[in-house]
Amino acid sequence: MQNFNFCSPTYFEFGKDAELKVAELIKKFGGSKVLLHYGTSSIKKSGLYDRVTAALKDGGIDFVEIGGVQPNPIDTLVYEGIELCRREKVDFVLAVGGGSAIDSSKAIAAGTVYDGDFWDFYEGKWIEKALPVGTILTIAAAGSEGSLNSVITQTSSKCKRGASGECIRPVFSILNPALTQTLPPYHTAAGSTDIMVHIHERYFSNTEEVEVTDRLCEGLLKTLISQTPRVIADPNDYEARANIMWAGMVAHNNLCGVGREQDWASHGMEHELSAFFDAIHGAGLAVINPAWMKFVSKKNPHKFVQWAQRVWEVATVDEAIAKYEAFLKSIGMPSSITEFGAKESDIPMLAKHIGLTDEATFGGYVKLNVSDVEEIYRLAL
């Protein structure tokens, strides 16, 4: 196990009607003038918007709002949010929605107190200062409710990039599993897939003697394998949704990743599908991650053997990958990048846009070069 430091101070309010405590929590963490940031029409149709705004008003919390967050959040809305926060002297950002709304809120929170262009953070600059962020989660997927990460797409270049900083880890997150019961099955399944791949990105590691985090990863994977079909069959299964929601947070606040080398090639490759073809992130990962496995397991089978035996309870890696693919198909996930509109002729462009060279530097478990990435995209056709 490698040396590590770990601090995850987010306060979690978990359970039915937890969103009604939002004003109390904002006050607890020093907020007085709030930006309410959310997606399109779903929170208004569900009644969540009315409950949250009523709770803010009843709690004496002044707020302004900006909606319109897309599934792959974009920089133009972030700039609008920054301008609004500065003009209205906002001191707290509240995200209501899934990972996209939370990631966009984090970008706004960082950009509001930064003298330069917030995109500097998405080109590698560490975020040192931000307004505090709180969240009310409506989909279990990205894990942004407990992480120090944010992902935004730059519209002019179609670059989908991440930024990080301890200061954008939410100060509180409200997790009510009942809020996910209105999700369409496809989005529920895409969320579970995203969670699984967050775990895989950490699990497939060359670091030895990491039994604690290995077992955490394996337990979470088996939870998702058992609980996701339950909510696909019965969207109102509160207990299954509760297990998935908490798994999504644990999978991505890095509790499962400490002390070990990580990979992240699958996410990097999928970001190109989201940027160019507007793929739902989890659905894109459902295609890319098994293709990545087929390629890298031939070069470095060690951890895959353990994964096959402990998670899928089969003897061979090929059997395990086949079971993983069958599981993804059973919950309604796509199996080819062509389902997003990508063609084989797009593959060189996708690989090049990641910014790779002929030198093998991409990923952690197996170092990949541009030719390797092109081959993985072909395996995903």
Side-chain angles (χ1 to χ4, degrees), residues 7-15 17-40 43-44 46-69 73 77-118 121 127-138 144-150 152 163-176 179 249 253:
C7 180
S8 182
T10 304
Y11 180 96
F12 293 99
E13 189 71 43
F14 191 101
D17 297 325
E19 65 275 13
L20 301 180
K21 297 184 179 181
V22 62
E24 173 188 332
L25 289 171
I26 289 170
K27 289 177 182 177
K28 177 183 177 73
F29 290 97
S32 59
K33 181 68 175 287
V34 173
L35 173 69
L36 175 61
H37 195 38
Y38 55 89
T40 50
I43 71 163
K44 293 187 175 180
S46 70
L48 178 60
Y49 174 86
D50 290 337
R51 293 199 303 279
V52 170
T53 54
L56 293 174
K57 291 171 184 175
D58 290 346
I61 299 293
D62 192 15
F63 68 93
V64 294
E65 62 184 81
I66 181 169
V69 182
L77 192 62
V78 172
Y79 287 119
E80 288 182 39
I82 291 169
E83 182 181 352
L84 179 61
C85 284
R86 289 174 176 171
R87 184 171 67 246
E88 296 291 335
K89 296 181 171 51
V90 162
D91 61 13
F92 195 99
V93 182
L94 176 66
V96 181
S100 296
I102 299 171
D103 283 5
S104 186
S105 293
K106 290 176 176 180
I108 291 170
T112 298
V113 297
Y114 179 59
D115 290 336
D117 185 342
F118 90 92
F121 302 125
I127 303 173
E128 299 283 358
K129 185 179 179 183
L131 296 177
V133 175
T135 85
I136 299 175
L137 187 66
T138 62
S144 194
E145 68 275 8
S147 81
L148 50 72
N149 309 114
S150 165
I152 301 292
S164 301
E166 287 292 347
C167 58
I168 61 168
R169 199 187 291 271
V171 294
F172 73 77
S173 284
I174 293 171
L175 277 60
N176 176 1
L179 297 180
M249 195 291 298
N253 76 338

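Not measured: the values here are computed from a predicted model. What you see below is based on every heavy atom in this structure, not just the backbone, and it leaves out hydrogens, waters and symmetry mates.
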Quick one: are [X] and [Y] in side-chain contact, heavy atoms under 4.5 Å?
{"X": "Leu131", "Y": "Val90", "value": "yes"}
{"X": "Phe12", "Y": "Ser173", "value": "yes"}
{"X": "Tyr38", "Y": "Lys44", "value": "yes"}

Just verifying a value: how many Å separate [X] [atom1] and [Y] [atom2], rounded to the nearest 0.5 Å?
{"X": "Thr135", "Y": "Glu19", "atom1": "OG1", "atom2": "CD", "answer": "12.0 Å"}
{"X": "Ile136", "Y": "Leu48", "atom1": "CD1", "atom2": "CG", "answer": "6.0 Å"}
{"X": "Ile66", "Y": "Ile108", "atom1": "CD1", "atom2": "CD1", "answer": "6.0 Å"}
{"X": "Phe14", "Y": "Leu137", "atom1": "CZ", "atom2": "CG", "answer": "9.5 Å"}
{"X": "Ile61", "Y": "Glu24", "atom1": "CD1", "atom2": "CD", "answer": "11.0 Å"}
{"X": "Ile127", "Y": "Ile168", "atom1": "CD1", "atom2": "CD1", "answer": "4.0 Å"}

Quiz item: So, are Glu83 and Arg87 salt-bridged, with charged N and O less than 4.0 Å apart?
Solution: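 Looking at Arg87 together with Glu83, the answer is yes, because their closest N to O distance falls below 4.0 Å.
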Practice problem: Report the C-alpha distance between Thr10 and Glu145 in whole Å, list the side-chain angles of each, state the deciding distance to 0.1 Å, and finish with yes or no for side-chain contact (heavy atoms from CB on, under 4.5 Å). | Solution: CA-CA 8 Å; Thr10 304; Glu145 68 275 8; over 6 Å; no
Quick one: closest heavy-atom pair of [X] and [Y], and the distance?
{"X": "Ser8", "Y": "Asn253", "result": "OG-ND2, 3.3 Å"}
{"X": "Gly59", "Y": "Ala23", "result": "CA-CB, 3.8 Å"}
{"X": "Val113", "Y": "Ala109", "result": "CG2-O, 3.8 Å"}

Quiz item: side-chain contact (heavy atoms from CB on, under 4.5 Å) with Thr53: which residues, sequence neighbours excluded?
Solution: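 With sequence neighbours excluded, Thr53 shows a side-chain contact (heavy atoms from CB on, under 4.5 Å) to Leu36, Tyr49, Phe63, given in chain and number order.
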Could you tell me whether a side-chain N or O of [X] sits under 3.5 Å from a main-chain N or O of [Y], the two making a donor and an acceptor?
{"X": "Lys27", "Y": "Gly60", "result": "no"}
{"X": "Thr40", "Y": "Gly68", "result": "no"}
{"X": "Arg169", "Y": "Pro9", "result": "no"}
{"X": "Ser46", "Y": "Ile43", "result": "yes"}

Using atom types as modelled, flag every donor-acceptor pair under 3.5 Å from a side chain in residues 95-107 to any protein atom, sequence neighbours excluded.
residue	atom	partner	partner atom	Å
Ser100	OG	Gln70	O	3.4
Ser100	OG	Pro71	O	2.4
Asp103	OD1	Ser144	OG	2.6
Asp103	OD2	Val151	N	3.0
Ser104	OG	His37	NE2	2.8
Ser105	OG	Ala101	O	2.8
Lys106	NZ	Ser144	O	2.8
Lys106	NZ	Ser144	OG	2.9
Lys106	NZ	Ser147	O	2.9
Lys106	NZ	Ser147	OG	3.3
Lys106	NZ	Asn149	O	2.8

Exercise. Determine, step by step, whether Leu94 and Val22 satisfy the side-chain contact (heavy atoms from CB on, under 4.5 Å) criterion, reporting the C-alpha distance in whole Å, the side-chain angles of both residues, the deciding distance to 0.1 Å, and the verdict.
Key: CA-CA 9 Å; Leu94 176 66; Val22 62; 3.7 Å; yes
Practice problem: Please test Lys33 against Asp62 for salt bridge (Lys or Arg N to Asp or Glu O under 4.0 Å), starting from the C-alpha separation and ending with a verdict. | Solution: CA-CA 5 Å; Lys33 181 68 175 287; Asp62 192 15; 3.7 Å; yes
Practice problem: Sorted by first residue and then second, give each ring pair (Phe, Tyr, Trp, His ring centres under 6.0 Å) pair with at least one member in residues 78-103; sequence neighbours left out. | Solution: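 Sorted result for residues 78-103: Tyr79-Phe118, Phe92-Phe172.
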Exercise. Please test Lys89 against Thr112 for side-chain contact (heavy atoms from CB on, under 4.5 Å), starting from the C-alpha separation and ending with a verdict.
Key: CA-CA 10 Å; Lys89 296 181 171 51; Thr112 298; over 6 Å; no
Self-check item: Evaluation steps, side-chain contact (heavy atoms from CB on, under 4.5 Å), between Tyr11 and Lys28
Solution: CA-CA 10 Å; Tyr11 180 96; Lys28 177 183 177 73; 4.1 Å; yes
Quiz item: Testing Ile82, Leu84, Asp91 for side-chain contact (heavy atoms from CB on, under 4.5 Å) with Leu35, which one passes?
Solution: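 Of all the options given, the one that passes is Leu84.
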Quiz item: Is it true that atom NZ of Lys21 has more than 12 heavy atoms of other residues, nucleotides or ligands lying nearer than 6.0 Å?
Solution: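 It does not: Lys21 NZ has 12 such atoms or fewer within range.
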